[in-house]
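None of the values given here were measured: they were computed from a predicted structure.
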2 protein chains.
Amino acid sequence: MVKSDQFSITPIVASSSLRTLAYEALKAAITKMDIYGRPDEVRLDERKLSQDLGVSRTPVREALTVLEQEGFVRSEARRGVFVIKKTKKEIVGMIHAWAALESMAARLACERATDAQLKSLREIFPEFYEGKPSEHIDEYSDANIRFHQTIISLGQCEVIQDLSSNLLMHVRGIRNTALRQGERAEKSIREHVQIIKALEARRDDLAERLVREHGLGLAAHVHQYGDYLE
Amino acid sequence: MVKSDQFSITPIVASSSLRTLAYEALKAAITKMDIYGRPDEVRLDERKLSQDLGVSRTPVREALTVLEQEGFVRSEARRGVFVIKKTKKEIVGMIHAWAALESMAARLACERATDAQLKSLREIFPEFYEGKPSEHIDEYSDANIRFHQTIISLGQCEVIQDLSSNLLMHVRGIRNTALRQGERAEKSIREHVQIIKALEARRDDLAERLVREHGLGLAAHVHQYGDYLE
DNA sequence: GAAGAAATATTGGTATACCAGATACCCAAT
DNA sequence: ATTGGGTATCTGGTATACCAATATTTCTTC
């Protein structure tokens, strides 16, 4: 019997469930808004949200449950759902956890990633490699995030990737803000180059240490200068 | 006017919601059952669960949503809710993530924990310290888990504690199983002692490395001998 | 008796109704 | 003007009804 291998079936749209759509809409709204800019807590109204999204409360509530689980909102019975403002201490803690996971990913990448994959790290920030990053902060912010995400993906450990991506959503804004303070962008780039070299040389201990110190440096910076968070 | 400071009011109970109760009941049932003993996948029926628990489907569904988020169950539209059997690869990944987080916690503990707190680590397994652990495997299994949890808590980083406790629920069974294989119990104890010494000497680099290697050793063991998982 | 089609049962997804606690507001009493 | 209480209203929590897609059974047809 002939298998229907020649049929490359379209992947099926499988348009997500309303719950997923609501989740994505809400998460986008939350991460987009500048929580730390405003002094008051933001309250979410289930009924208003379901009206605005054009669905019933059920999928909205399920989406909110997931967001609560991920630490984006907090639900108080008969009081309301509130967008969580992380404290400085919590953010520093998240950066510590991030550093732990990313440094392990770097170690794993040393033994698992191909040369070609490691090379892709250099291509992430070609124009800044020798240039003046402080003049291209916006572009570099994205490249910076992508650099770290790439290292984590090269570790090829799904659990670490999942945990990290969750942490990233919480600290993305902070990372980019810190980059604009002092000479951190230049420092960051120098450290990135050292990390790439260690990875390419397959020096797992060194790569792990450099990634960890890079992360801990950010944590210390936020700890010292992150008072705007509270 | 006199403030009523002398009234020490009881803190108000705030009994949990049905959703929380359902969540705890389900999680207990899932972690208790030996998923890897049986060959077939376990399917959960929302309606049956709500009947058994004596509540409606709504809180049960919300509990299942959380469990899905935590990786305990997988919900397929119009097919059913299934208890997830982790693959060997996933379990090894979780141990890697665990090792990353615990080693960072050990590092943090070196600078944050008091001498008294560190001393409590020794008290976790007094009778096994010089004895033959293979004769007390059951007690040692618990002590082993508690040892690692204690290190993580001494790191005093809430994020790391939360992430780790989630991972622990998934790998608890595996940790204890591995302890019974070969000479792992004896090896484990020797390594624990080294870790304690490093922590007490406040040698953060060393403590971090020992904890990491201890974890990676378990990962390698499971990778090699964990075929019963699939 | 086998194959296929139609009816039926079961499942998770969604919408809606109702409840009890918490809040906000109004108004009378002082 | 302030206080106290009572009521209307709003909120999240829960129960239930319904839907569409799937799996299963039954029935028809050859």
### Any A:Arg74 side-chain nitrogen or oxygen under 4.0 Å from OP1 or OP2 of D:dG12
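For A:Arg74, the contact criterion (side-chain N or O under 4.0 Å from OP1 or OP2 of D:dG12) is not met.
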### Query
So, is B:Arg61 close to the C:dT14 phosphate, meaning a side-chain N or O under 4.0 Å from OP1 or OP2?
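False: B:Arg61 side-chain N/O out of range (4.0 Å or more) of C:dT14 OP1/OP2.
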### Side-chain heavy-atom pair B:His214, B:Glu102 within 4.5 angstrom cut-off
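Counting from C-beta outward, B:His214 and B:Glu102 never come under 4.5 Å.
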Compare the minimum distances between each of [options] and the side chain of [X], then state the nucleotide with the smallest one.
X       : options                : result
A:Glu46 : C:dT16, C:dG13, D:dG12 : D:dG12
B:Ser17 : D:dG12, D:dT14, C:dG12 : D:dT14
B:Arg47 : C:dG13, D:dT16, C:dT14 : C:dG13
A:Arg79 : D:dT14, C:dT23, D:dG12 : C:dT23
B:Arg57 : C:dG13, D:dG12, C:dA15 : C:dG13

Separation of [X] atom [atom1] from [N] atom [atom2], in whole Å?
X       : N      : atom1 : atom2 : answer
B:Leu53 : D:dT14 : CG    : P     : 13 Å
A:Leu21 : C:dT14 : CG    : P     : 9 Å
B:Arg78 : D:dA20 : CZ    : P     : 10 Å
B:Leu18 : C:dC19 : CG    : P     : 16 Å
B:Glu68 : C:dG12 : CD    : P     : 12 Å
B:Glu76 : C:dT11 : CD    : C1'   : 12 Å
B:Tyr23 : D:dG13 : OH    : P     : 17 Å

### Query
How would you label the contact of B:Leu64 with the nucleic acid (heavy atoms, under 4.0 Å): base, sugar-phosphate, or nothing?
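Result for B:Leu64 = nothing.
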### Message
For A:Glu158, is the CD atom crowded, meaning more than 12 foreign heavy atoms sit under 6.0 Å from it?
### Response
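For A:Glu158, atom CD is not crowded (no more than 12 foreign heavy atoms under 6.0 Å).
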#### Entry: N/O donor-acceptor pair, side chain B:Arg19 with base D:dG12, under 3.5 angstrom
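No.
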### Exam field: side chain B:His192 to backbone B:Leu121, donor-acceptor pair closer than 3.5 Å
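Checking the backbone N and O of B:Leu121 against the side chain of B:His192, no donor-acceptor pair under 3.5 Å is found.
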### Query
Between A:Ser153 and A:Thr150, does any side-chain donor sit less than 3.5 Å from a side-chain acceptor?
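Looking only at side-chain atoms, A:Thr150 and A:Ser153 do not form any donor-acceptor pair under 3.5 Å.
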### Message
Go nucleotide by nucleotide along DNA chain D from the 5' end; which of B:Thr58 and A:Gly80 gets its closest nucleotide reached first?
### Response
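Result of the comparison: A:Gly80.
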### Message
Before you tell me yes or no, could you show the steps for A:Asp115 and A:Lys119 under salt bridge (charged side-chain N to carboxylate O under 4.0 Å, His left out), namely the whole-Å CA-CA distance, both residues' side-chain angles and the distance that decides it to 0.1 Å?
### Response
CA-CA 6 Å; A:Asp115 288 344; A:Lys119 197 174 175 188; over 6 Å; no
